[in-house]
Structures are given as C-alpha cells and as structure tokens.
Amino acid sequence: MATANGAHLFNHCGSNSRFIHFTSRNTTSKLFLTKTSHFRTPKRSFHVNNILTDKIHHPITEQGGESDLSCFSPDAASITSSIKYHAEFTPVFSPERFELPNAFFATAQSVRDSLLINWNATYDVYEKLNMKQAYYLSMEFLQGRALLNAIGNLELTGAFAEALKNLGHNLENVASQEPDAALGNGGLGRLASCFLDSLATLNYPAWGYGLRYKYGLFQQRITKDGQEEVAEDWLEIGSPWEVVRNDVSYPIKFYGKVSTGSDGKRYWIGGEDIKAVAYDVPIPGYKTRTTISLRLWSTQVPSADFNLSAFNAGEHTKACEAQANAGKICYILYPGDESEEGKILRLKQQYTLCSASLQDIISRFERRSGDRIKWEEFPEKVAVQMNDTHPTLCIPELMRILIDLKGLNWNEAWNITQRTVAYTNHTVLPEALEKWSYELMQKLLPRHVEIIEAIDEELVHEIVSKYGSLDLNKLEDKLTTMRILENFDLPSSVAEFFINPEISVDDDTETLEVHDKVEASDKVVTNDEDDTGKKTSMKTEASAEKDIDKKTPVSPEPAVIPLKKVRMANLCVVGGHAVNGVAEIHSEIVKEEVFNGFYELWPEKFQNKTNGVTPRRWIRFCNPPLSAIITKWTGTEEWVLKTEKLAELQKFADNEDLQNEWREAKRSNKIKVVSFLKEKTGYSVVPDAMFDIQVKRIHEYKRQLLNILGIVYRYKKMKEMKAAEGKTNFVPRVCIFGGKAFATYVQAKRIVKFITDVGATINHDPEIGDLLKVVFVPNYNVSVAELLIPASDLSKHISTAGMEASGTSNMKFAMNGCIQIGTLDGANVEIREEVGEENFFLFGAQAHEIAGLRKERADGKFVPDERFEEVKEFVRSGAFGSYNYDDLIGSLEGNEGFGRADYFLVGKDFPSYIECQEKVDEAYRDQKRWTKMSILNTAGSYKFSSDRTIHEYAKDIWNIEAVEIA
C-alpha cells in the first residue's frame, strides 16, 4: 500500500517476520526470526522447532507481541505508487518527463526494494546458522538484463505490467531500456550466471565473486570492413541493481620484495598498494525468498594518493598515476595481452579477484567464529570453486594469508587449502590452459612465487616417490608434463637420482623440508647452478656424458633457453580436492589426455559435472508462448523447477493439436525476430523460412568457417539452377550468425568479415530472393539470445570433435524445441542420447579419430573432396567482393606450418556436413515430422537444467545444504 506522501510500503511477510526451513542430514527444522524495529535499537529473537516432533509455536517478540505471519504480495496500485516515488525522489533523470529510460530506472529501483528485504533476510539467516557456504569465483558473469528475470522470480510480472500500464508504459518496452551487464563474453560467464540463479532457487547458501568491468569486453559493430570494437557503456548512467559497500574493502599489493623479519617470518613489503571495494548485486531465486549476492570488486586508491603538488606543478598525468593504475584493472574484460603491459594487467586482474575474495571470505569466517577461531574448521564452513584457471591464484594466496598473516605452519595451511578449493576445467585447448611467465609473476607477486615453488617441489618428490621404479625416461616424461613449473631444473636430490641410476627410490623416500624455507627462512626455492653460475639441466648433463663417451668433438651451438613458465591448470589440480570436467566426453578427455598423469596419481579427485542452463530465463521468461503450451500439456507449472516433467511431452509428440500450437508458438517468435533483424541490420527476411542459427564466440575450432562455406556451396548450386528448380531442391533458409571475435584474434575477425561479405552478396541477389538470406547480428549478447533462440528451427554446434568442453547454447536451443546439427563433441553427445538419435543431425569425424586425421594430413595423404575445392575456388574468384581471402582460405591448405594444414579439419568434415544438410532439408519439408522432432528435443532437454548440475556440485564437491527462507 502507499503512504500519503507517495512512498511505498510493500506488504511482504518478510518485512517484520522471517521463517526458515532448514534441512540437515538427521532432522528438518523450521527457524523463525522476528525483528521489531524501534527508533534506537532493533531487537531480534528466534526460536527453533523440530517439525518432526514439535508443534510450531508462533514466535514472540521481546516486547511480548505475537508476529503477524500473513503474507501477501504487492498489488499494481502499490507498485504504481512505488515507481512514482522513485521517479521523483531517487531520480537519475530530470523530473519533467517520465520517458522510457526514467521509467526503467524507477521500476528497477522499485523491484530492488522488494529484493532488499529478502536479501537482508537471507544473510541474516546465514550469519545466525553459521552454515557452510559455497563461493563461486569467476572472471566472467554474463548476466543479461535483470528486470524481467527479477520480477518473474518474485512472481510479480502481471502486477508490474499493470502498474506500468497505469503510468502510460508497456513492460516489454521498459525492460528493453536495460543494457546487458558487460561482465562476461561467452559460455563461461553465462554458465556462472545460470549457476547463481540455480543456487538461489534451490536455497543453497552461496556467493558469486567477480570483477566490476567498467567497459566490458567490447561493443561490436559491423561495418564494410568487418568487426569494429568500441567500449561498452553499460555503467555510463549507473546500474540500479548494484549496491556499493563502502565499508567492505581490502588492500591488494603488487610488486615489492620478500624479506625475513626478526621473528623468522617472511614479509612481503613495499611495492604498489591499491584497494578493492565491494559492489553487490542481488540474485533472486524463483518462488523463494532466498536472494544471494554477486559481489563485484572495483579497484581504486585513497584520495591521499593523488599527488596534489605534482598536479599544481602542471604534471597532471604524474599526479593521477596511482589512480589510473588502480582504476584500469577493472576497465576491460580480457585486455589484450600481446604486450608486456597487457600481460601484467591480466595477472593483476586475476590476483585482485582472488585476494579480495579470499580476504572477504576469511573475514566472514572470523566474524562468525567469534572468540573461538579454529582454522582447521575453515573447510567445514567454506567451499571455494574456481571457474576455470583464472582464479588459480586462490591457492598460493590462501596459503600466504594462512602462513604469513594467521601464523599457521606449512602443513596446516596446505591441508586447509586442499580441502577448501576445487577446480572446474573448461577447455582442452592448450592456449586456454593458462601458463604465466615465471619472470613476470616473480616481479608482480614475489611471495606467491616462493609458495608455488615450494608446492612444485613437494609435487616432484611425490611423483618420484610414486613412480621411482619406472624407466627413467618415463619418469622424466611424467615430471615434465606434471610439474607446475615448466622448463625448470629439478631439485638437486632428484636431479642426482637421474644422473646416477644406482640410487633407488621407494615409497619411504624422505621428503625434503621445503616448508621451513617458506615459513621462516630467507632462502627461497632456486634452480641449481654450475660453477660458472650458468643454469644446468638434467638433459644437458646427460647429453654431455654421451658426448664424452663417444670422444667426438662437438661444435658449440647457440643455446636456446626456453622461457620459464607457471602452469596454472597443473597448480589447480595439485592444490584442490576436486577436478571436474563439464560434459561426459570432456571429462574422459581430461582424465585420459589433459591430466592423465594426475588422474593416475589421484583418481579420486576427478569427476564429471555436465553443464546446465536455468529453465527460468531460457524457457519460462524468454519464451512465454512455449511455456504456456508446456504448462497446458503437462498439466502443471512445476516443470520450471522440476524439468523432468518436460519428458511428459513425449507421449503427446504425435498429437495434431499440440503440433499446431507448437508451430504457432514458433512462428510468433520468428515474427519478432523478423522485426529485430530489420531494425539491427536492415535486412528483410520472411518468417516462413527455416531459421538456421549459429551464435557463439567466433573461434576457428567452433567452425563458423565450415558453416559459411556450406552456405557458399548452397548459394553456388542455386545459381547454377533455374529459379523453379532451386525452389524445388532447396528449403528457404535464413542463416543467422552472431558472436564476437576477440579484438586481437586476426583469423576470427577475417571469418566475421567473410560472413558479412557473403551476406551482402546473397541478400542483394534478385535471382535468389527469399530462398536464402545470410545475416550477421551485431553485438550478440544474452538479450539477443533470448530473442533468437525461441525462434530457431535449426542450430549449429559443429566444433571439431574433442575440442568443445561442453557448450551451453546447445542446451538452450534444445529446451526451446530447436533441432540441432552437430558433431559428437561436448554436451552434444548427451543431448543426442536424450532427445533421440533420429532427432539430431550428426556428421563429421569423432574425437578418437582426430589425431590420426591430423597425422594423415601431415604425411601428405589427405585428398580433399572436389566440392570443397570447388567452393574455395568460387571464393577466390571474387564472387563476394574484392577483399583478398588468401590468408583465410590458405589456412585450409598445405600439410604443415603455422596457420596452415587445416588444423580444425574443415575440409575433412565438409562433404559429411553438406550431405547432412540435405537430410535437414528433407526433414523440414515434412512439417509434421519436423514438429515432432522439435517437441522431442524439448522433452529430452530435461537433463540439462543447471538445477541438476548445482545439486551435484552441492553434494559431491561442496558438501553444503539448502536452507529455505519463507
């Protein structure tokens, strides 16, 4: 209801009283929290009842009054008053006109009021119960727009729509004013956001931690020259969702040196000091009061660091140097790292995320522990999940804090760290398994390098102890692939073992005392040196002995000294208690190839957790027509939380009424996309054509190049036919692309340019007309995906087999009844199993064949298909303009060399791909068959909810329990 002055009062049961449902292994309890507000001192009381044995008593406040547990949602009238209040009293715009941007901010602030009540209640409960929490650290969170998701989760969509109608606006138009939060780029960030939604919905105690990027990755523009990048502007007028926590900030240090104090401890001193300040974003669960936090760090320095005297002397740049160095850490997601400065900035970003988050986690642990801090209980209260290798520095940073600041010894700190931290691997691509320059890291984070060296030394001794009976060459291979430090000499005792084969090593081998030097000595881990001070290695010594035995003169050659590196993925595996892949085939590759040595050493660490996506955003809210059909035919809306109910659609797949409704829903979504494409690209398309879509990050292994070459082949064949013949042989298609190429990824940007050139030619060809259109959607993001995916007929997931860890867009497409063409890669394998082989268009080489096919190419035995050669020649003929595509097409030719030899097997899979596309055309002509396949894709997608994935993480890795706040 509204007060006289226009302020708002939402009638939530949570504003005065709170009710929590707590599930433990042995009992189920309900906890009532009551807060009575006074002008001076708020007073709280709580009472716990076991609902298995006790009757529930109404909680009594300390003043003796009984709480009102009635709960009713705000109505349109009170929401209208709330929006008007915010427009007037918390304005971002001038008050003269209540236009769409103003309406959005006022509406979002009104929603945030509701969220704040639940948000505060959630963390009050977590504080009181001092329960174990999961902390999800990720460099990316690809949130998308928040307004519709928030009011949908609060079950207030209708009320807000009516309120805005009362104020002369349409909810959909208001929501469209919200910019996507520029905190991520691809599947890694979208997965993290889906996980947060599921954590809140399932009532698991959790936080997300990330960085508050001012300019995001970039905003993509498509011009005649291809992709251009400009800074994102999502924070230009602020975000209505975030709450700055000025009382939550932590010091972050870079550079400096490490010395030993008079107490024998190691101290990291000097260097560059900044601080990280917390900005919190509420993440509401669906049909629950649980509202968790995404805490984002922004970097700055105190005002005192502004050099006023330099500024007044006219040295303005120098005066602002400290502010600039701190601020730029959170300017850009994935800054270009071609330069040394770019590499330093990336490493600063990663360390800032890890250090600020861990300091925050530890502060919370200490606060909740009160006077009885028991560090051995830290892993019983804290679970840290590293989303890929970007947060790897959590491991040495937690060690540093525990040893240097909290006074624990090495063994205690190492035990705690390994029990706390877990790692999700997202890639098998070598370039994505991060390796940092040792020299750079030593300069920027000297104390952490000492700790990493000590961890590596322990690992070496564990490997030698385990495998000392192996042939020395095999043992050397294991050490070479498994060590954290790359291109380093072995510790002296182990190096001697290789030089003198008579030394035996068994399971009782004594471990070097590396701990003391990390805790209390000013000695650090160093490489062995010979008498001249030059670095030596076991390979150099072995080679020298061999030369001496032969007694032949050796001509000295210039020594190539390999760059010393720190392997972050190996550190993740060593420092954590669990390692998971993100699809069944990916997890097998992780065990058998990527980390095989570690899997043999610690098989118990390795798990599979197939990715999932939230059905709230990806069906319920983005596809209302389909949602209504699913609810009607399953007889319940429970499928939004229990996606296994989607499988009930299978028994209706042949029903003519369902099929008619299904097609109508798809067409209504396609009509929206027709308008969107016209607005964004200027191209006109027809909704009755097949919408054939590939939207994902532009990368050679994802093979957008295979897609567009297939389209070129299709176009060429159409041109060779008469118009009537073309219409008979080909189904009309609108081929839609979307995705960003990294700013410095030249080949990916060539692919974007090629797609747009092909589109410009085909779309203006009067002989082709509506039979084929090619459209590249600029600046693909979550909001664009929410339009395109519900409208899709066919989606392409055509990566080179064995190179896609999982993928999540394939799951979103399946949920929305889109049929897929793809390889047996990532989650495609499991999707095909669930939806049925006959409802998935499969082509291409399989993962176990890839290595052999690349060798065949290297040996000069590959014979390209004549259709593939025909397409390349057509491109070179200038059919798509004057741009020189020799570098792009050349990457598909030759047998060896960098940027050559078709590493991603586009030519090998091309004939299989175009033959599979003929089967797609055939199936689409039979709309009854196609619609049935579509229904079965939605029915089979139930397994790919992020709710299922989060339940598995909670049980198998984090060991946390749900608490329902009602």
Asks: According to the interplanar angle, ranging from 0 to 90°, do the rings of H699 and F904 count as parallel (below 30°), tilted (30 to 60°) or perpendicular (above 60°)?
Replies: perpendicular

Asks: Using a 3.5 Å distance criterion without hydrogens, assess whether the side chain of D456 forms a donor-acceptor pair with backbone atoms of R483.
Replies: no

Asks: Could you tell me the separation between the CZ atom of F874 and the CZ atom of F880, rounded to the nearest 0.5 Å?
Replies: 4.5 Å

Asks: Just by modelled atom types, is the A583 backbone N or O under 3.5 Å from a matching donor or acceptor in the E830 side chain?
Replies: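 Here the side-chain-to-backbone pair does not exist.
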
Asks: Give a yes or no on whether the backbone of N185 and the side-chain of K740 come within a donor-acceptor separation of less than 3.5 Å.
Replies: no

Asks: Is there a donor-acceptor pair closer than 3.5 Å between any side-chain N or O of N707 and the backbone N or O of K796?
Replies: no

Asks: State whether a side-chain donor-acceptor pair under 3.5 Å links E453 with Y438.
Replies: yes

Asks: Rounded to the nearest 0.5 Å, how far apart are CD1 of I762 and CD1 of I711?
Replies: 7.0 Å

Asks: Ignoring hydrogens and geometry, is there a side-chain-to-backbone donor-acceptor pair from T823 to S799 under 3.5 Å?
Replies: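 Looks like yes, one N/O pair under 3.5 Å.
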
Asks: What do the steps show when you test F840 against H797 for ring-ring contact (aromatic ring centres under 6.0 Å, His included), and what is the final call?
Replies: CA-CA 11 Å; F840 185 104; H797 306 276; 8.3 Å; no

Asks: Is the count of non-hydrogen atoms from other residues, nucleotides or ligands lying under 6.0 Å from E600 atom CD greater than 12?
Replies: yes

Asks: For V574, does its backbone N or O pair with a side-chain atom of K605 as donor and acceptor, under 3.5 Å?
Replies: yes

Asks: Identify whether the distance between the nearest side-chain nitrogen and carboxylate oxygen of D902 and R854 falls below 4.0 Å.
Replies: no

Asks: Which value, rounded to the nearest 0.5 Å, describes the distance between Q227 atom CD and I755 atom CD1?
Replies: 10.5 Å

Asks: Let me confirm one number: the CZ-CZ distance from R714 to R733, rounded to the nearest 0.5 Å.
Replies: 4.0 Å

Asks: Compute both the distance and the angle, then confirm whether K591 meets the cation-pi test with F606: under 6.0 Å from the six-membered ring centre, within 45 degrees of the axis.
Replies: no

Asks: Look at E340 together with K343 and state whether they make a salt bridge at an N to O cut-off of under 4.0 Å.
Replies: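 No, this pair does not count.
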
Asks: Examine distances only and state if a side-chain atom of N884 and a backbone atom of D886 form a donor-acceptor pair shorter than 3.5 Å.
Replies: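 Judged by distance alone, yes, a pair lies under 3.5 Å.
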
Asks: Could you tell me whether R900 atom CZ has more than 12 heavy atoms of other residues or ligands within 6.0 Å of it?
Replies: yes

Asks: Below 30° counts as parallel, above 60° as perpendicular, anything between as tilted: where do the rings of F598 and F595 land?
Replies: perpendicular

Asks: Taking NZ, NE, NH1 and NH2 as the nitrogens, is one of them in K716 or E873 under 4.0 Å from a carboxylate oxygen of the other?
Replies: no

Asks: So with a 6.0 Å cut-off around CD1 of I561, is the heavy-atom count from everything else above 12?
Replies: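 No, not enclosed.
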
Asks: So does L905 get a backbone contact from the side chain of R703, meaning a donor-acceptor N/O pair under 3.5 Å?
Replies: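 Yes, the answer is positive, given that a donor and an acceptor are paired below the 3.5 Å cut-off.
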
Asks: Judged by modelled atom types alone, do E434 and T392 share a side-chain donor-acceptor pair under 3.5 Å?
Replies: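 There is no such pair between these side chains.
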
Asks: Could you report the tightest heavy-atom contact between D388 and Y423, atom names first, then the distance?
Replies: C-CE1, 3.8 Å

Asks: Is a side-chain donor-acceptor pair under 3.5 Å present for Q349 with R346?
Replies: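 The answer is no; no qualifying pair exists.
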
Asks: As an exercise, state the distance from NZ of K609 to NE2 of H586, rounded to the nearest 0.5 Å.
Replies: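 If I round to the nearest 0.5 Å, the distance is 13.5 Å.
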
Asks: Indicate yes or no: does E720 engage K717 in a salt bridge with an N to O separation below 4.0 Å.
Replies: yes

Asks: So, F754 versus Y885, ring centres under 6.0 angstrom or not?
Replies: yes

Asks: Is it the case that H426 and N387 place a side-chain donor and acceptor less than 3.5 Å from each other?
Replies: yes

Asks: Identify the heavy atoms of K702 and R697 that sit nearest to each other, and give their distance.
Replies: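 Heavy-atom minimum between the residues: CD-O, 3.0 Å.
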
Asks: Would you say that more than 12 heavy atoms from the other residues, nucleotides or ligands in this model lie under 6.0 Å from the NZ of K908, or not?
Replies: no

Asks: Can a side-chain donor-acceptor contact be found between N580 and T424 if the only test is distance below 3.5 angstrom?
Replies: yes

Asks: Verify, without hydrogens or angle tests, whether Y745 (side chain) and E700 (backbone) share a donor-acceptor contact under 3.5 angstrom.
Replies: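 A pair under 3.5 Å: yes.
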
Asks: Roughly how far apart are R867 CZ and L709 CG, rounded to 0.5 Å?
Replies: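 Between atom CZ of R867 and atom CG of L709 there are 13.5 Å.
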
Asks: Heavy-atom count around K719 NZ within 6.0 Å, excluding the residue itself: above 12?
Replies: yes

Asks: Taking Q220 for its side chain and G739 for its backbone only, find out whether a donor-acceptor pair lies under 3.5 Å.
Replies: yes

